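Remember, predicted model here, so these are calculated numbers, not experimental data. Every number for a ligand or one of its atoms is a count from 1 in the order of the listing.
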Amino acid sequence: MTFLRVIGFSVLLLLGYMGFAHMLPQVVPDTSEPVEVSTEGLDMDGFIALGESIFKGKGTCTLCHNGMGRAPDTLEMDMAATYPARLADPRYKGVAAGKEGPKAIEEYIHESMVAPSAYVVEGFGKKGTNDTESPMPTVNMPPIELNDVEMNAVTAFLQDLAGLEPTVPLPSADDAPVAEEPAAGGGEPAPLLTSGEAIVDEYGCASCHDLGGSGADLGPSLYGIGKRMTRAEVIESIIDPNAVIAEGYEADFMPADFGESLRGSELLVLTDYLMALPDAAPAADDSKEEPLATTGLEAIDKFGCAGCHDLDGSEADIGPKLNGIGKRMTADEVKTAIIDPNAIIADGFEADMMPDDFADQMDDSELSLIVDYLMNLPE
Ligand code: HEC
Ligand code: HEC
Ligand code: HEC
């Protein structure tokens, strides 16, 4: 601990000197925008490698899935034995319940990503929920927001790691491109990030803190932090999080290596950004919101429905198939099923699986577009 404090102090000194450089006009272009790459023609080995880079990079999975006890240490554990044990656990009631084999494990992994609370590994649930609610973010929703191809790549990687032949399909020519993070390593230094949002994005802060509308609550809210902490205290809590533990939270939870991975100027820009945050999270309909969807399919994409329902070719089966729903339900019933999913539970499915906050997230126009689209879905 003393050792860490000494490092922390030296970094503070160093930052004092760097303060000047920070005040020079920024000439470095912000190259932090992800680059879209097509996955066409990738073979399974390439797809597995893509999955590994997403797991360790863009997906921010290793923020929690590491040896610190925040989540199962998926990369180090003997998952060849663990996955079958999960499926056989009497507490497991998810989509692959009662099944075994590589395909069932694919379904289990996919479900862990799109509906983390469907099954919570013992001891890892949110505090006070008795392992019924998972603290893991839904990965096809903001802030992580992986698309189907990216989730398949991660699944291929995890299956391969467990010694299984991946069962996910390879991406086809008309699949969406994958957003590749700006090149890191490979000789070229990663581009310097020059906006607070880009840094929060790159380092995954919003997976644990409520930032950019993520609503995450694994760490304390950082809104209004400029009023309760000094700039130096904020810097210390980023580079040496265990020096002072925020009340009501545990030590060793926030990654302790940001001091190494953040560049000096990035740390300063990030700190300025945090210090200037308003006292409370902006209202949901603020300007940083995603634009309104203008077609039913766009809206379905925006709200991640295809992660659980077989829509737009996703073949997901965590929720019922919606094809032909117009023949068995009225438009009003479909609307209720979306905004108040627990009012009536579809036969053969469980309550509390479908998110119940779409009413708050959707504009009325988006809700009508979705209802129209579903009512007209052919059988
Ligand atoms: C903020 C922390 C956090 C992040 C980020 C996170 N997870 Fe998790 N994950 C957890 C926790 C905690 C559990 C255990 C509780 C549960 O079963 O939901 C878990 C469980 C899982 C499981 C089931 C593991 C098992 O042992 O059965 C899989 C698979 C998984 N996560 C994959 C991912 C992938 C892939 C990503 C990145 C795209 C990711 N997670 C990102 C916290 C996280
Ligand atoms: C894996 C989850 C996790 C991630 C990722 C994470 N934090 Fe934290 N953070 C926490 C937890 C838990 C605490 C409270 C415990 C503590 O003080 O160490 C915390 C505390 C803090 C505090 C002190 C807040 C206070 O009220 O005392 C700041 C500032 C902070 N984090 C900033 C960041 C920034 C900036 C990033 C991204 C570079 C980040 N965190 C990433 C979990 C996380
Ligand atoms: C995390 C998984 C999940 C997501 C995301 C999800 N659903 Fe569902 N949905 C379910 C499950 C499970 C059920 C069945 C249980 C129930 O009725 O609540 C269901 C039920 C439904 C029903 C009723 C179907 C019937 O046959 O009664 C409709 C309609 C529906 N969802 C539409 C949507 C739409 C539209 C979206 C996106 C805005 C969406 N769902 C997102 C899991 C999900």
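Contact analysis puts Ile325 in contact with ligand 3, with a non-hydrogen atom separation below 4.0 angstrom. Heavy atoms of Glu247 stay at 4.0 angstrom or farther from ligand 2. Under a 4.0 angstrom heavy-atom cut-off, Pro355 registers as being in contact with ligand 3. Residue contacts with ligand 2 include Leu274, since one of its heavy atoms falls under 4.0 Å from the ligand. Residue contact check for ligand 2: Val200 places no non-hydrogen atom closer than 4.0 Å to it. For the pair Glu333 and ligand 3, no heavy-atom separation below 4.0 Å is found. Residue contact check for ligand 3: Lys321 places no non-hydrogen atom closer than 4.0 Å to it.
Close approach to Val244 involves these atoms of ligand 2, each under 4.0 Å from a residue heavy atom: 17 (O). Close approach of ligand 2 to Arg228 (heavy-atom distance below 4.0 Å) involves ligand atoms 25 (C), 26 (O). Those atoms of ligand 3 with a heavy atom of Ile318 less than 4.0 angstrom away are 12 (C). Every atom of ligand 3 is numbered from 1 in the order shown, and the set under 4.0 Å from a heavy atom of Ile344 is 17 (O). Numbered from 1 in the order shown, with element, the atoms of ligand 3 that lie under 4.0 Å from a heavy atom of Ala337 read 22 (C), 23 (C), 28 (C), 29 (C). Interface of Ile370 with ligand 3, defined as ligand atoms under 4.0 Å from a residue heavy atom, comprises 35 (C). Counting the atoms of ligand 2 from 1 in the order shown, those under 4.0 Å from a heavy atom of Tyr249 are 14 (C), 15 (C). The contact set between ligand 3 and Glu350, taken as ligand atoms under 4.0 Å from a residue heavy atom, comprises 15 (C). Atoms of ligand 3 found under 4.0 Å from any heavy atom of Cys308, numbered from 1 in the order shown, are 1 (C), 2 (C), 3 (C), 4 (C), 5 (C), 42 (C), 43 (C). Taking every non-hydrogen atom of Glu250 and a distance limit under 4.0 Å, the qualifying atoms of ligand 2 come out as 15 (C). Each of the following atoms of ligand 3 lies closer than 4.0 Å to a heavy atom of Gly319: 10 (C), 11 (C), 12 (C). Close approach to Pro255 involves these atoms of ligand 2, each under 4.0 Å from a residue heavy atom: 1 (C), 3 (C), 4 (C), 5 (C). Taking a cut-off of under 4.0 Å to the non-hydrogen atoms of Arg328, the atoms of ligand 3 that pass are 25 (C), 26 (O).
The environment of Glu100 atom CD is sparse: at most 12 non-hydrogen atoms of other residues, nucleotides or ligands sit within 6.0 angstrom. Heavy-atom neighbours of Ile344 CD1 from other residues, nucleotides or ligands within 6.0 Å: at or below the threshold of 12.
Side chain of Tyr203 to main chain of Ser261: a donor-acceptor pair is present (N/O by atom type, distance under 3.5 Å, no hydrogens or angles). Formation of a donor-acceptor pair under 3.5 Å by the Asp356 side chain with backbone atoms of Asp340 is not found in this model. At least one donor-acceptor pair closer than 3.5 Å links the side chain of Asp131 to the backbone N or O of Gly125.
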Pair Glu379, Lys327 - check salt bridge (Lys or Arg N to Asp or Glu O under 4.0 Å), show working.
CA-CA 9 Å; Glu379 294 252 15; Lys327 291 228 176 98; 3.5 Å; yes
Should Asp217 and Lys126 be marked as a salt bridge (Lys or Arg N to Asp or Glu O under 4.0 Å) after you check the CA-CA gap, both sets of side-chain angles, and the distance that decides it?
CA-CA 10 Å; Asp217 60 0; Lys126 277 197 189 179; 3.6 Å; yes
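Side chains of Ser117 and Glu133: a donor-acceptor N/O pair is absent below 3.5 angstrom, by distance only. Between the side chains of Asn242 and Asp252, at least one donor N or O sits under 3.5 Å from an acceptor N or O. Inspection of the Asp352 and Asn342 side chains reveals an N or O donor paired with an N or O acceptor under 3.5 Å. Side-chain contact, His65 with Thr74: a donor N or O sits under 3.5 Å from an acceptor N or O. A side-chain N or O of Ser365 and one of Asp363 form a donor-acceptor pair less than 3.5 Å apart.
Expressed to the nearest 0.5 Å, how far CG of Leu322 lies from CE of Met375 amounts to 11.5 Å. Distance check, rounded to the nearest 0.5 Å: OG1 of Thr60 to CD1 of Ile54 gives 11.5 Å.
Lys56 has a carboxylate O that lies under 4.0 Å from a charged side-chain N of Glu52, or vice versa, which qualifies the two as a salt bridge.
Residue Met329 has no N or O atom closer than 3.5 Å to an N or O atom of ligand 3.
A 4.5 Å side-chain heavy-atom check between Lys321 and Glu315 finds every atom pair outside the cut-off. Taking 4.5 Å as the limit, every side-chain heavy atom of Ile105 sits out of range of all side-chain heavy atoms of Met79.
Checking Cys205 against atom 8 (Fe) of ligand 2, every N/O/S atom stays at or beyond the 2.8 Å cut-off. For a distance bound of 2.8 Å, the N, O or S atoms of His309 include one lying that close to atom 8 (Fe) of ligand 3. Contact annotation: Ser237 places no N, O or S atom under 2.8 Å from atom 8 (Fe) of ligand 2. Residue side and main chain included, Met354 places an N/O/S atom under 2.8 Å of atom 8 (Fe) of ligand 3.
Taking the centre and axis of the six-membered ring of Tyr119, the NZ or CZ atom of Arg86 falls outside the cone set by 45° and 6.0 Å.
Contact detail for Val114 and Gly307: the closest heavy-atom pair is CG2-O, 3.6 Å. Between Ile109 and Gln159, the shortest heavy-atom contact is CD1-CG, 4.2 Å.
Under 4.0 angstrom from ligand 2, there are no non-hydrogen atoms of Ile199. Residue contacts with ligand 3, taken as heavy atom pairs separated by less than 4.0 Å, do not involve Ile300 at all. Residue contacts with ligand 2 for Ala251 are absent, since no atom lies close enough (heavy atoms, distance under 4.0 Å). Of the heavy atoms in Ala351, none comes closer than 4.0 Å to ligand 3. Of all the heavy atoms of Met362, the ones lying under 4.0 Å from any atom of ligand 3 belong exclusively to the side chain. Both the backbone and the side chain of Ala346 come within 4.0 Å of ligand 3, judged by heavy-atom distances. Under 4.0 angstrom from ligand 2, the non-hydrogen atoms of Ile225 all belong to its side chain.
Looking only at its N/O/S atoms, His209 has NE2 as the one nearest to atom 8 (Fe) of ligand 2.
Not less than 6.0 angstrom separates the ring centroid of Phe47 from the ring centroid of Phe157.
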Pairs of nitrogen or oxygen atoms, one from ligand 1 and one from the protein, closer than 3.5 Å: please tabulate them with distances.
unit_1	atom_1	unit_2	atom_2	d
ligand 1	7 (N)	His65	NE2	3.0
ligand 1	9 (N)	His65	NE2	2.9
ligand 1	17 (O)	Tyr119	O	3.3
ligand 1	17 (O)	Val121	N	2.8
ligand 1	18 (O)	Pro116	O	3.4
ligand 1	18 (O)	Ser134	OG	2.7
ligand 1	26 (O)	Arg86	NE	3.2
ligand 1	26 (O)	Arg86	NH2	2.7
ligand 1	27 (O)	Arg86	NE	2.7
ligand 1	27 (O)	Tyr108	OH	2.4
ligand 1	31 (N)	His65	NE2	2.8
ligand 1	40 (N)	His65	NE2	2.8

